[in-house]
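Quick notes on the structure that follows.
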Amino acid sequence: MIDLKLLERDFEQVAEALKKKRIDEKLLLKLKEVSGKVKEQKRLLESLQAKQNANSKLFPVYQKEGKDISQLKALLAQNKEQIAKEQEALRELEDKLYAIALNVPNLPDSDVPEGEDEEHNVELKRVLEPKAFDFKPKEHWELDAIEWIDFERGVKISKSRFSVLKNGASKVARALINYMIDFNESHGFSEYTLPYLVNAKALLGTGQLPKFEDDLFKIEGEDLYLIPTAEVPLTNLYQDEIIPKERLPLKMTAYSECFRKEAGSAGRDTRGIIRQHQFSKVELVSITSQEESDAVFNEMVECASDLLTSLGLPHRLVMLCGGDLGFSAAKTIDLEVWLPGQGRYREISSVSNTRDFQARRAKIRYKEGKKNILAHTLNGSSLAVGRTLIAIMENYQQADGTVAIPDVLKPYLEPKVKIE
RNA sequence: CGGGAGAUGGCAGAGCUGGUCGAAUGCGGCGGUCUUGAAAACCGUUGAGGUUAACAGCCUCCGGGGGUUCGAAUCCCCCUCUCCCGGCCA
């Protein structure tokens with residue numbers, strides 16, 4: 001949630017920043033107005049409550065003195081009625097406030113480039129040269145000689161956009177998960193194993209709800225949803241907590257399956273396993289003080305980039321422009337891996353700093369001296385496992401249709417499995 | 001899924017015959033005295049959010065929601081969660 005005090009104090013700054021995310025100033029004006037009304041209503045209600053409290057305390061005194069209390073009683077009964085009325089009014093205003101406020105995205109950082117969509121993202125750097133093939137590289141779903149992915153049977157037992165890995169793909173995917181987690185641990189992230197089902201409060205905390213309910217799989221009759229990313233359980237581990245500052249930054253990593261309805265993705269990436277309803281991912285989440293979030297952000301980007309480099313996968317870093325930035329993010333750097341079959345770079349990781357946006361929703365704070373301060377939360381895919389698998393398949397494919405294995409993965413595939 | 005007990009401040013744990021209770025006490029934390037230093041002992045301090053120039057005052061919060069009352073942590077109803085017993089199960 002955005003800072004309503006900032007909105008009140010410096011409307012121009014907020015409006016200017018959110019222009020990058022194409023948020024209409026009118027909406028913000030409305031928000032400011034409602035926020036002001038809430039405050040005013042609260043003041044009114046509180047003065048009535050103060051009166052009620054003060055007068056109620058007179059009862060034991062009057063009784064001791066043997067005074068008549070009937071008049072006082074009548075007075076307070078009347079006041080009570082008014083309190084109920086004003087309380088109802090306040091509730092309505094607050095509902096209105098949250099209905100707007102929870103749907104306003106985070107403010108982009110000042111260094112986020114302007115732009116409509118992904119066309120305007122800014123490439124920061126490229127790492128590793130794509131290697132030259134002396135044959136025409138195939139796309140991953142064309143490498144059918146090795147029988148690594150079974151699309152038809154995945155659909156048969158579930159529905160479209162579900163698939164089955166087998167043979168070498170299963171082995172490599174599992175090796176990747178272990179490798180990534182070990183890699184992250186060596187960079188100071190500690191490992192967690194988490195629930196794949198979380199409640200609405202958690203999803204509200206990280207910003208998936210209330211606005212993006214359509215993208216989530218919900219369990220019927222329960223207050224539970226399948227997680228769209230481990231970011232949700234990981235970040236919310238600390239919801240409603242006040243963390244001593246000395247314990248920051250908290251750096252966490254977790255493997256999980258991710259589940260997304262991808263309601264708006266019809267027709268895109270329908271072939272292969274680029275875009276699935278279920279996919280594996282190793283995630284990074286950090287909770288930091290306000291001062292150190294930039295430094296940790298860079299560490300996370302570097303961690304993901306180095307991981308790709310260690311796997312020998314050419315990739316580039318891209319700074320998202322305002323229009324392409326996610327709802328909760330103040331700043332995002334995507335890592336795009338080179339897919340020779342497609343002949344282009346495709347997103348494989350995305351690292352975001354949400355500043356205090358999620359922390360305000362989830363009430364994640366830290367204590368500095370006597371003060372409680374909203375933390376900064378950051379998240380990033382270490383790497384999406386399925387897409388990494390694709391990248392390995394396409395970048396390491398041989399002329400005969402088999403796939404070589406990156407050296408760093410080999411220890412994770414012992415005892416040797418036959419990969420072909 | 002059935003039966004029983006419970007949910008209070010960082011933790012433990014009183015209060016629950018309704019009224020100066022945001023809440024005793026212990027532990028922990030912080031500050032101090034003492035000490036070469038530390039421990040012990042002693043003194044003080046120590047929940048969160050909002051309003052505000054203000055750590056003055058005021059309001060809200062004793063799992064969540066609703067009710068009774070002038071007044072509720074305390075009484076009533078609903079929900080959720082936790083623990084114990086049984087059932088089922090990896």
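Here the structure is a predicted model, which is why all the values come from computation and not from measurement. Hydrogens, waters and symmetry mates play no part in the numbers below; they use all other heavy atoms, side chains included. A note on names: the letters A, B, ... follow the listed sequences, proteins ahead of strands, and every chain is numbered from 1.
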Given [options], identify the nucleotide with an atom nearest to the side chain of [X].
| X | options | answer |
| --- | --- | --- |
| A:K42 | B:G66, B:C70, B:G50 | B:G50 |
| A:R365 | B:U51, B:G49, B:G66 | B:G49 |
| A:R43 | B:C58, B:G19, B:U51 | B:U51 |
| A:Q52 | B:C59, B:G50, B:C70 | B:C70 |
| A:K39 | B:G71, B:U52, B:U60 | B:U52 |
| A:I242 | B:U51, B:A48, B:U69 | B:A48 |
| A:N53 | B:C70, B:A48, B:C59 | B:C59 |
| A:A50 | B:A48, B:C59, B:U51 | B:C59 |

[N] pairs with, by Watson-Crick or G-U criteria that keep both distances under 3.5 Å:
| N | answer |
| --- | --- |
| B:G18 | none |
| B:A5 | B:U82 |
| B:U35 | none |
| B:A72 | none |
| B:G28 | B:U46 |

Any donor-acceptor pair under 3.5 Å linking the side-chain atoms of [Y] with those of [X]?
| X | Y | value |
| --- | --- | --- |
| A:Q398 | A:Y396 | no |
| A:S289 | A:H376 | no |
| A:N199 | A:D223 | no |

When we call it a touch if two heavy atoms are under 4.0 Å apart, what does [X] touch: a base, just sugar-phosphate, or nothing?
| X | result |
| --- | --- |
| A:Q63 | base |
| A:K51 | nothing |
| A:D223 | nothing |
| A:K201 | nothing |

### Message
Can you confirm if the aromatic rings of A:Y412 and A:Y179 lie within a centre distance of less than 6.0 Å?
### Response
yes
### Task
Would you confirm whether the ring centroid of A:F327 sits within less than 6.0 angstrom of the ring centroid of A:F212?
yes
### Query
Side chain of A:E46, base of B:G50: donor and acceptor closer than 3.5 Å?
yes
Could you work out the separation of [N] and [M] based on their [atom1] atoms and round it to a whole Å?
| N | M | atom1 | result |
| --- | --- | --- | --- |
| B:G15 | B:A72 | C1' | 13 Å |
| B:C76 | B:G18 | C1' | 13 Å |
| B:A23 | B:U45 | P | 13 Å |

### Query
Atom CG of A:L4 and atom C1' of B:G50: how far apart are they, to the nearest Å?
13 Å
### Task
Could you state the atom-to-atom distance from CD of A:Q41 to P of B:C59 in whole Å?
17 Å
### Task
Check whether any side-chain nitrogen or oxygen of A:K73 sits under 4.0 Å from OP1 or OP2 of B:G71, and answer yes or no.
no
### Query
Quick one: is A:R91 getting a side-chain N or O under 4.0 Å of the B:G65 phosphate, OP1 or OP2?
no
### Query
For A:Y62, is the NZ or CZ atom of A:K67 found under 6.0 angstrom from the centre of its six-membered ring and inside 45 degrees of the ring axis?
yes
